[in-house]
Every structure is written in structure tokens, then in C-alpha cells.
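Counting from 1, the numbers follow the sequence of the chain as shown.
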Amino acid sequence: MIRAMTLDDLPEVARLGAVFHARAGWDEIEYNEADCIASLTKFMETGSFIGLVADDGHIVGMVGGIISPVYFNYSHISGEELFWYVADRAPQMTGIKLLKAMESEARTHGCRSWQMKSLDRLGGERMVRLYDRMGYRRSESLFIKEL
């Protein structure tokens, strides 16, 4: 079942985020579960955050994103994925169901566009093909450097 994320979900969301972080190999940025919980709590209070979980008796997937007017066109509300994670034990198609539910929820919040990411270290090209099949257009690449 896909449902809205609640404050009670945040400890498990943060724990799963740590699993994702380790798999992604983001060595440049240390992961802190307490900071993740604090940030998501604040995001949820703003009304500019959409968070969903896949609940199969316990959380087996999650997706979250921020929505706001585009800085160069205030009449266009857009959203951007912050995270999208599905546990290995999740039922088949959980990830797709989460993404479709996120798109639907974004539409109800007035979003006219939605942006997703793909991490090279986590099946990047496979994700590019999935996004393409779902109607997304490749737009840019993100690079990171530790300073």
C-alpha cells in the first residue's frame, strides 16, 4: 500500500536512507540519521514536501520531493525528487507504484513538471531507460567533488 509519509515513519525512513547512502557510495558527504529526521520534519512542516511510503506491514520503499515555483517562472510549479528507495524485500513493481503515486500527488499540488535523478553508481543507465519509458527527458548531469 502506498500512503503519505508521517512523522512516525521518519526513523525508519532515515534508517533506509543510510542503507541507500552506503550503496550509492556518496563518500563525499557523511550520512547522519538524526539530521535526516530533523530535515524531513522541517520539510513536512513547510507544505512544500511530498513524502510517500510503500507499507507492506513495514516500510519497504519511499519517495520524497520538494515542490515550488520555478525561480524563473513563478506561474510554473515544479517538483524535484530528493530520494527514491525500494528495499530488496519489497514486492515487485513497488518502485514504479511509488513513482506513479508521486507524480499523481505532485499534480494534486499543482505541479506541471517533475524532475527525477539517476545515480551512476546505482544502475544509472538502467534508470535512464526506465525514465525514458515513463516519459521523462534526460536534461542534465550532476557532478560532485569533495572540497
Side-chain angles (χ1 to χ4, degrees), residues 1-124 127-128 130-131 134-136 139-147:
M1 170 180 74
I2 307 298
R3 62 172 175 78
M5 187 180 294
T6 68
L7 292 173
D8 290 338
D9 294 325
L10 295 186
E12 181 63 3
V13 167
R15 186 191 72 75
L16 292 172
V19 172
F20 172 82
H21 184 271
R23 289 183 182 174
W26 277 351
D27 302 328
E28 300 85 0
I29 306 170
E30 183 179 341
Y31 189 85
N32 183 305
E33 286 186 35
D35 288 350
C36 180
I37 292 168
S39 292
L40 292 178
T41 299
K42 288 178 183 173
F43 287 155
M44 290 171 89
E45 292 170 355
T46 68
S48 295
F49 174 78
I50 301 171
L52 303 171
V53 295
D55 191 333
D56 192 37
H58 53 282
I59 296 174
V60 295
M62 57 196 190
V63 63
I66 297 292
I67 61 173
S68 73
V70 176
Y71 75 94
F72 57 86
N73 182 344
Y74 283 10
S75 69
H76 185 108
I77 306 297
S78 188
E80 181 175 348
E81 169 224 353
L82 292 176
F83 54 86
W84 181 29
Y85 174 78
V86 178
D88 294 336
R89 67 184 186 275
Q92 202 165 19
M93 300 298 290
T94 296
I96 299 298
K97 290 176 182 175
L98 277 167
L99 179 54
K100 287 182 176 183
M102 175 59 88
E103 292 173 347
S104 178
E105 189 66 20
R107 278 186 204 93
T108 67
H109 282 82
C111 287
R112 294 174 45 205
S113 60
W114 188 261
Q115 300 173 53
M116 292 296 293
K117 299 177 185 77
S118 172
L119 298 175
D120 288 341
R121 292 181 178 176
L122 292 177
M127 296 306 298
V128 168
L130 171 68
Y131 291 145
M134 294 190 69
Y136 287 83
S139 175
E140 66 181 77
S141 297
L142 177 70
F143 298 85
I144 189 168
K145 176 182 176 179
E146 188 171 355
L147 302 178

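Of all the heavy atoms in Val13 and Tyr31, the pair that sits closest is O-OH, 4.5 Å. Taking both residues in full, the closest heavy atoms of Gln115 and Ser78 are given as NE2-OG, 3.6 Å, listed atom of the first, atom of the second, then distance. Nearest heavy-atom pair across Ala18 and Glu33 is CB-OE2, 3.7 Å. Taking all atoms of both residues into account, the shortest heavy-atom contact from Val53 to Leu98 is C-CD2, 4.0 Å. Contact detail for Pro11 and Leu7: the closest heavy-atom pair is CD-O, 3.9 Å.
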For residues 57-71, which side-chain N or O atoms pair as donor and acceptor with protein atoms under 3.5 Å away, sequence neighbours left out?
{"unit_1": "His58", "atom_1": "NE2", "unit_2": "Arg89", "atom_2": "NE", "d": "2.9"}

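Of the inter-residue distances, the one linking Asp88 atom CG with Arg23 atom CZ reads 4.0 Å to the nearest 0.5 angstrom. From Glu81, atom CD reaches atom CH2 of Trp114 across 8.0 Å, with rounding to the nearest 0.5 Å. Taken to the nearest 0.5 Å, the CE atom of Met5 stands 11.0 Å off from the CD1 atom of Ile50. Atom CD1 of Ile2 is separated from atom CE of Met102 by 10.5 Å, given to the nearest 0.5 angstrom. The CG atom of Asp9 sits 11.0 Å away from atom CD1 of Ile37, with the distance rounded to the nearest 0.5 Å.
Counting heavy-atom neighbours within 6.0 Å of Gln92 CD, excluding the residue itself, gives a total of 12 or less. Other residues, nucleotides and ligands contribute over 12 non-hydrogen atoms within 6.0 Å of the CE atom of Met134. Surrounding NZ of Lys100 are at most 12 heavy atoms belonging to other residues, nucleotides or ligands under 6.0 Å away.
Using a 4.5 Å heavy-atom threshold, the side chains of Tyr136 and Leu99 count as touching. Trp84 places none of its side-chain heavy atoms less than 4.5 Å from the side chain of Phe20. Within the 4.5 Å cutoff, the side chain of Lys117 has heavy atoms near those of the Glu80 side chain.
Between Phe43 and Phe49, the two ring planes are parallel [angle under 30°; tilted spans 30° to 60°].
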Quick one, His109 with Ile77, criterion side chain to side chain contact (heavy atoms under 4.5 Å, CB included). Give me CA distance, side-chain angles, the key distance, then yes/no.
CA-CA 9 Å; His109 282 82; Ile77 306 297; over 6 Å; no
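Partners of Arg15 according to the side chain to side chain donor-acceptor pair (under 3.5 Å) rule, which considers only residues two or more places apart in sequence or in another chain, are Glu12.
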